[in-house]
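Note on naming: letters A, B, ... go to the chains in the order of the sequence lines (proteins, then strands), and numbering restarts at 1 for each one.
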Amino acid sequence: MNPIRAIRGMNDILPQDSYLWQHLEKVCSDLLDAYGYREIRLPVVEQTQLFSRAIGEVTDIVEKEMYSFEDRNGDGLTLRPEGTAGCVRAFNQHGMAGTQQKLWYAGPMFRHERPQLGRQRQFHQVGVEVFGTASADVEAELIVLCARLWRSLGLDSAVTLELNSLGSNEDRARYREALVAYLSEHRDQLDEDSQRRLDSNPLRILDSKSEQTQALLAEAPSLPDFLDEESQAHFAQLTALLDAAGVSYRLNPRLVRGLDYYNRTVFEWVTDALGAQGTVCAGGRYDGLVEQLGGKPNPAAGFAMGLERLVLLMQELKVAPAAPGQADVYLVAVGEGAALAGFALGESLRDSLPGLRLQVHSGGGSFKSQMKKADRSGAQLALVLGENELAERTVGFKPLRGGEQRSVSQDALEEELKHFFEHEEH
RNA sequence: GUGGCCGUAGCUCAUCAGGUAGAGCACCGGAUUGUGGCUCCGGAGGUGGGGGGUUCGAGACCCCUCGGCCACCCCA
């Protein structure tokens with residue numbers, strides 16, 4: 001019989017890596033907490049309609065990447081391909097309209113794409129959203145928060161910020177028209193993909209990788225020229241705030257996002273250390289989305305970061321913290337009586353020293369094989385219990401990383417352990 | 001979804017004009033009685049991703065399929 005394998009593009013995260021994920025998640029949640037953001041936990045499955053309305057009917061995500069299915073009631077459901085839509089839905093559903101909300105969430109997202117480095121079918125994001133505030137200090141805070149996160153993780157040297165404004169919906173519509181008019185005249189000079197996008201999603205042509213297309217775009221109408229006064233002022237305020245905070249950025253008038261709901265500010269944190277999947281974090285303002293999903297008009301902005309990519313980047317840059325050992329103390333017990341006593345001793349140590357990372361050997365075996373496991377656990381100390389110790393009510397106290405084994409009475413063990421690890425701290 | 005490269009023990013790889021597979025690491029055990037890390041010895045572990053075809057005979061050749069990597073596309 002063939003062994004069952006995981007679904008393509010849906011990977012296990014093994015213990016040798018999970019500690020890194022935990023580290024990343026902890027740094028994120030601590031930082032968000034420090035900025036006053038609160039966690040919201042959202043379902044992984046939503047009505048299909050939520051995503052087609054939020055992300056845009058003609059986007060690739062909706063057209064060909066969603067995991068959609070009918071449930072037993074015949075309802076059309078979809079595994080969330082991104083987090084913002086569900087977050088907006090919750091915002092509306094729970095009557096948060098009119099209040100300022102600073103929220104974050106983390107969890108798996110699903111897109112049926114061809115897997116490659118930094119791109120899985122089940123991948124993980126941390127998303128951050130701010131509802132109810134229209135001013136640019138919101139985007140500035142989101143960006144500054146990211147910058148601090150990169151510093152905490154040791155990634156700041158490898159990521160750069162790209163920034164642009166899409167203007168108002170009207171600005172964007174006028175620009176779109178002008179761009180289509182210009183490109184249509186030169187349609188035959190566009191690459192194949194761009195020709196297709198000319199009808200479906202013309203703004204995406206701006207970040208085409210085709211040299212020929214890029215050459216053509218040099219002469220094309222430029223998005224910043226189409227911004228109305230308000231959008232210009234908004235963008236100016238944002239850059240002033242970033243300058244004041246000392247966050248550097250690169251203005252990229254070609255930067256557009258793949259999801260339809262953005263307006264005004266869009267930004268991306270990119271790296272060249274990860275091959276083709278260079279975007280590690282991206283977001284922007286989406287003032288129209290709340291209303292679009294049936295709520296009262298409510299300004300909003302947010303971003304999401306890809307955790308797989310951040311983990312890869314930490315590994316690539318070798319800024320990942322070292323993997324912790326399985327235990328600090330490993331208790332070895334040989335013989336039936338000793339195994340029994342050792343098991344009880346382990347529990348009593350856990351009572352008296354709750355923070356102690358103690359592994360009690362299980363599975364029996366010789367001193368030799370148990371000691372071998374003690375060593376491989378990464379423990380600093382082995383506690384050895386055999387017939388002799390049992391008879392004397394002592395325990396062998398053996399430092400594994402230098403030092404001599406000595407015998408310690410079981411009554412004094414707690415104090416000896418405290419003493420040992422106080423010195424280990426340094 | 002498209003294109004290129006690839007798929008041999010848990011991992012990294014080797015072998016051979018096509019004649020039914022090895023090494024290192026890891027794992028388990030041993031090297032005088034109850035003790036790890038170094039060394040030495042031994043053991044276990046592969047229907048050669050899966051299926052079909054060519055052949056007297058295929059892991060090696062052909063096809064399909066599944067999977068991996070890279071790029072496109074897309075995006076975090």
Side-chain angles (χ1 to χ4, degrees), chain A residues 1-3 5-11 14 16 55 59-66 80-84 106-128 146 159 191-194 196-197 200-201 204-205 207-210 256-259 267-271 274-284 302-313 330 332-335 338 361 363 365-390 396-402 404-405:
Chain A
M1 228 190 303
N2 291 334
R5 295 180 48 92
I7 305 298
R8 162 121 105 143
M10 306 204 182
N11 300 331
L14 302 176
Q16 56 201 278
I55 300 169
T59 57
D60 278 28
I61 293 178
V62 171
E63 277 184 338
K64 47 198 186 197
E65 292 177 0
M66 295 206 300
R80 45 136 86 131
E82 58 105 48
T84 300
M109 308 292 163
F110 302 86
R111 293 192 328 215
H112 191 104
E113 300 182 280
R114 189 97 163 235
Q116 67 187 66
L117 190 69
R119 194 173 80 181
Q120 288 77 30
R121 290 182 174 180
Q122 175 177 332
F123 61 104
H124 300 80
Q125 291 186 335
V126 166
V128 182
C146 289
V159 295
D191 62 278
E192 210 178 305
D193 283 318
S194 295
R196 179 174 51 76
R197 283 183 294 206
S200 58
N201 204 344
R204 298 293 298 167
I205 297 175
D207 54 20
S208 164
K209 284 177 187 168
S210 157
V256 291
R257 315 273 10 276
L259 290 70
F267 63 89
E268 268 183 33
W269 291 92
V270 297
T271 177
L274 245 41
Q277 309 304 322
T279 303
V280 119
C281 171
F303 68 84
M305 52 197 169
L307 300 189
E308 277 80 1
R309 291 179 187 181
L310 290 172
V311 168
L312 282 170
L313 198 52
Y330 195 101
V332 161
V334 177
H361 178 83
S366 63
F367 276 98
K368 191 188 184 69
S369 63
Q370 294 198 26
M371 283 306 298
K372 198 174 270 192
K373 293 218 169 76
D375 181 51
R376 287 181 197 167
S377 75
Q380 299 297 311
L381 182 73
L383 297 178
V384 182
L385 209 56
E387 284 175 21
N388 298 343
E389 288 79 4
L390 207 54
F397 193 95
K398 178 167 185 165
L400 291 170
R401 316 294 157 194
E404 292 288 298
Q405 175 169 348

Student: Quick one: R5(A) CZ to G50(B) C1', roughly how many Å, whole number?
Tutor: 11 Å
Student: Would a distance-only check, ignoring hydrogens and angles, find a side-chain to backbone donor-acceptor pair under 3.5 Å from R121(A) to F110(A)?
Tutor: no
Student: Taking NZ from K372(A) and P from C27(B), how many angstroms apart are they, rounded to a whole number?
Tutor: 8 Å
Student: Please check this pair: side chain of S208(A) against backbone of I205(A), looking for a donor-acceptor N/O pair closer than 3.5 Å.
Tutor: no
Student: Expressed in whole Å, how much space separates the P atoms belonging to C25(B) and C62(B)?
Tutor: 35 Å
Student: Measure across A374(A) and V332(A) and return the closest heavy-atom pair with its distance rounded to 0.1 Å.
Tutor: CB-CG2, 4.3 Å
Student: With C1' as the reference atom in both, quote the distance from G46(B) to G3(B) in angstrom, rounded to an integer.
Tutor: 33 Å
Student: Whole angstrom is fine here: how far is it from CE in M371(A) over to P in U35(B)?
Tutor: 10 Å
Student: Please pick, from U35(B), G67(B), G36(B), the nucleotide with the shortest atom-to-atom distance to any side-chain atom of Q405(A).
Tutor: U35(B)
Student: Using the P atom on both, measure A60(B) against C74(B) and round to a whole Å.
Tutor: 38 Å
Student: To the nearest angstrom, how far is R376(A) atom CZ from C27(B) atom C1'?
Tutor: 8 Å
Student: Check every strand shown and say whether E389(A) touches a base, only sugar-phosphate, or nothing at a heavy-atom separation below 4.0 Å.
Tutor: base
Student: Which nucleotides of nucleotides 69-76 of chain B have their base under 4.0 Å from a protein heavy atom (B), which only their sugar-phosphate (S), and which neither (-), written as one string 5' to 3'?
Tutor: -SBBBBBB
Student: Hey, which of these two, S369(A) or V384(A), hits RNA chain B nearer its 5' end, going by closest nucleotide?
Tutor: S369(A)
Student: Before accepting this row, confirm whether a basic side-chain N of the pair K372(A)/D375(A) lies closer than 4.0 Å to the acidic partner's carboxylate O.
Tutor: no
Student: Rounded to the nearest angstrom, tell me the gap between atom CZ in R401(A) and atom C1' in U35(B).
Tutor: 14 Å
Student: Checking side chain to side chain contact (heavy atoms under 4.5 Å, CB included) for the pair M305(A)/W269(A): CA distance, chi angles, key distance, verdict?
Tutor: CA-CA 9 Å; M305(A) 52 197 169; W269(A) 291 92; over 6 Å; no
Student: Between A31(B) and G37(B), how far apart are the two P atoms, rounded to whole Å?
Tutor: 13 Å
Student: Test side chain to side chain contact (heavy atoms under 4.5 Å, CB included) on M109(A) and Q120(A); report intermediate values, then the result.
Tutor: CA-CA 9 Å; M109(A) 308 292 163; Q120(A) 288 77 30; over 6 Å; no
Student: Under 4.0 Å between a side-chain N or O of K368(A) and OP1 or OP2 of G36(B)?
Tutor: yes
Student: Distance-only, no hydrogens or angles: does the R111(A) side chain make a donor-acceptor pair with backbone N or O of K64(A) under 3.5 Å?
Tutor: no
Student: Can you measure Y330(A) atom OH to U35(B) atom C1' for me and round it to whole angstrom units?
Tutor: 13 Å
Student: Looking only at atom P, what distance separates C6(B) and A14(B), rounded to whole Å?
Tutor: 13 Å
Student: Using a 4.0 Å heavy-atom cut-off, does K373(A) contact any base of the nucleic acid, only the sugar-phosphate backbone, or nothing at all?
Tutor: sugar-phosphate
Student: Distance check, C1' atoms only: G59(B) and U15(B), in whole angstrom units.
Tutor: 11 Å
Student: Could you tell me how far A17(B) sits from G1(B) if I compare only their P atoms? Round to whole Å.
Tutor: 40 Å
Student: Measuring from S369(A):OG to H361(A):NE2, what's the distance to the nearest 0.5 Å?
Tutor: 5.5 Å
Student: Return one dot-bracket line describing RNA chain B 5' to 3' (Watson-Crick or G-U wobble pairs, both distances under 3.5 Å; ( ) same strand, [ ] crossing, | another strand, . none).
Tutor: (((((((..((((........)))).(((((.......))))).....(((((.......))))))))))))....
Student: Say whether, by atom type as modelled, one donor and one acceptor occur between the side chain of R401(A) and the main chain of A379(A) under 3.5 angstrom.
Tutor: yes
Student: Once rounded to the nearest 0.5 Å, what's the spacing between atom CD of E268(A) and atom CZ of F303(A)?
Tutor: 13.5 Å
Student: Quantified in whole Å, what is the C1' atom distance between nucleotide U8(B) and nucleotide G45(B)?
Tutor: 14 Å
Student: Provide, to the nearest angstrom, the distance between the NE2 atom belonging to H361(A) and the P atom belonging to G34(B).
Tutor: 15 Å
Student: Given atom CZ of F367(A) and atom C1' of A31(B), what is their separation to the nearest angstrom?
Tutor: 19 Å
Student: Distance-only, no hydrogens or angles: does the E308(A) side chain make a donor-acceptor pair with backbone N or O of H124(A) under 3.5 Å?
Tutor: yes
